[in-house]
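This report refers to the structure that appears directly beneath it.
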Amino acid sequence: MLFRNRFLLLLALAALLAFLSLSLQFFHLIPMSAARNGASSKSRKRIMPDPVTEPPVTDPVYEALLYCNIPRVAERSMEGHAPHHFKLVSVHVLIRHGDRYPLYAIPKTKRPEIDCTLMANRKPYHPKLEAFVNHMSKGSGSSFESPLNSMPLYPNHALCEMGELTQTGVVQHLQNGQLLGDIYLKKHKLLPSDWSPDQLYLETTGRSRTLQSGLALLYGFLPDFDWKKIYFRHQPSVLFCSGNCYCPVRNQYLEKEQRRQYLLRLKNSQLEQTYGEMAKIVNVPTKLLRASNPIDSMLCHFCHNVSFPCTSSGCLDMEHFKVIKMHQIEDEKERRKKRLYLGYSLLGAHPILNQTIDRMQRIAEGRKDEVFALYSAHDVTLSPVLSALGLSEARFPRFAARLIFELWQDREKPSEHSVRILYNGVDVTFHTFFCQDHHKRSSKPMCPLENLVRFVKRDMFVTLDSSSTNYHDACHREGV
Ligand SMILES: *[C@@H]1O[C@H](CO)[C@@H](O)[C@H](O)[C@H]1NC(C)=O
Ligand SMILES: *[C@@H]1O[C@H](CO)[C@@H](O)[C@H](O)[C@H]1NC(C)=O
């Protein structure tokens, strides 16, 4: 348990650092209150928490701000750190797309007026924004596997379409890309200046927001890259499992997990009451309101400093928002305890982890292709991977979250390779299932690649149930 506490502390510290700098910027922008619901708002409480410390009790508003991940200036990160006799030989980046417009509208309300065109005089801004737009306009379909080749390469609607990436989302990933470029290219020379197309592996789901996020990151990473050397593959599954998606036991875990979620919701009378109030305000049946996933829309209002929607019967407000957000946090807590989601995650994340170790092993054997891999994905991709790695204490993947696998070669013993795992810039290697006992067992400063390989090829199934030792058996086991 000590370990778990230390992990929490570490994440808390990282969050605090992030939050302090974020607050400075945000406070500057929002001097008092973003609750613009005016007279109808019962509470005149400030919506911004005190930035002095992370709140001692879970604060839904604080959590929501971390989720927004509003771009800020200097970000501290631990990517690319290793003892000097280690050489960085490959990097695998799994991202969640950046800030987006909601996926569903709240019924019978005006949707938030957010402009998804990219403009230099709008905040947040990135110095490469105009150059990015310019470079994207030169891109051609031959750099993309179908159906990606028919998608817009950057967001461009004056009123965002549902699920569209926003300027905030683009800036978040330009920033991620620039940060990674400074570390991996400038400092560690991961790619030679005349890198070849097969040194990059790029893959995205078939949504414009993931494609555009991947492109923004890539542009921040390799400014003015040569379009002829770029090829984005299409991944049809959000789990990145194509070819190995059939897994009945995974689906059974998911059904049980959904049942757990449902029962927890029923137990929360404050939540039910809140949905009831909100449904009355927008004048639709509670069921319909709930099905529209209002928290997703409200988070968009919140992250963009746009007041929550009103009708003639009143306004959705901060108190509603807090109750639903708080429930989400409690749901995640219970999810960790009951471990059904862990079962789902171990099976769901296996294919992408298997793909990643396969790529790492080829590099370790001396091949020079696919040195840098980028998977552009969703919260429902990152969450299971984090959970499967044993990082379930990590917060829900924020917009533009990044999970990175670094592969290092020991120059003193060139046949030995080590991995580092970083989540949003925090080194979490020694919190993973496969390396949490490392320092007890070994005096090596880094986590050996073999640990990760053994975990993915075998131990992750043993974690699930001691009778299966491979993906196929674990997916087809009877009587879960
Ligand atoms: C947020 O909203 C408040 C109140 O309308 C406004 O004064 C402030 O300028 C807004 N901040 C941003 C960043 O748009
Ligand atoms: C794991 O990777 C190997 C090598 O690429 C591949 O042959 C195998 O099908 C993969 N298995 C799963 C379950 O993803």
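All values below come from the heavy atoms of this structure, side chains included, with hydrogens, waters and symmetry mates left out. For ligands, and for the atoms within them, numbers begin at 1 and follow the listed sequence. Throughout, numbering of the chain's residues begins at 1 and tracks the sequence. What you are looking at is a predicted structure, and each value in this text was computed from that prediction instead of being measured.
We find the CZ-CD distance between Arg362 and Glu365 to be 9.0 Å, quoted to the nearest 0.5 Å.
The side chain to side chain donor-acceptor pair (under 3.5 Å) check on Ser140 picks up Ser142, with sequence neighbours excluded. Ser196 is linked by a side chain to side chain donor-acceptor pair (under 3.5 Å) to Asp198, counting only residues two or more places apart in sequence or in another chain. Taking the disulfide bond (SG atoms under 2.5 Å apart) definition, one finds that Cys68 meets it with Cys303, sequence neighbours left out.
Summarising the local packing, NZ of Lys87 is surrounded by 12 or fewer heavy atoms from other residues, nucleotides or ligands at distances under 6.0 Å.
Residues of the protein with a heavy atom under 4.0 Å from ligand 2 are Asn244, His350, Pro351, Asn354, Asp358, Tyr471, listed by chain and number.
Using modelled atom types, one finds no donor on one side chain facing an acceptor on the other under 3.5 Å when comparing Tyr341 with Arg260.
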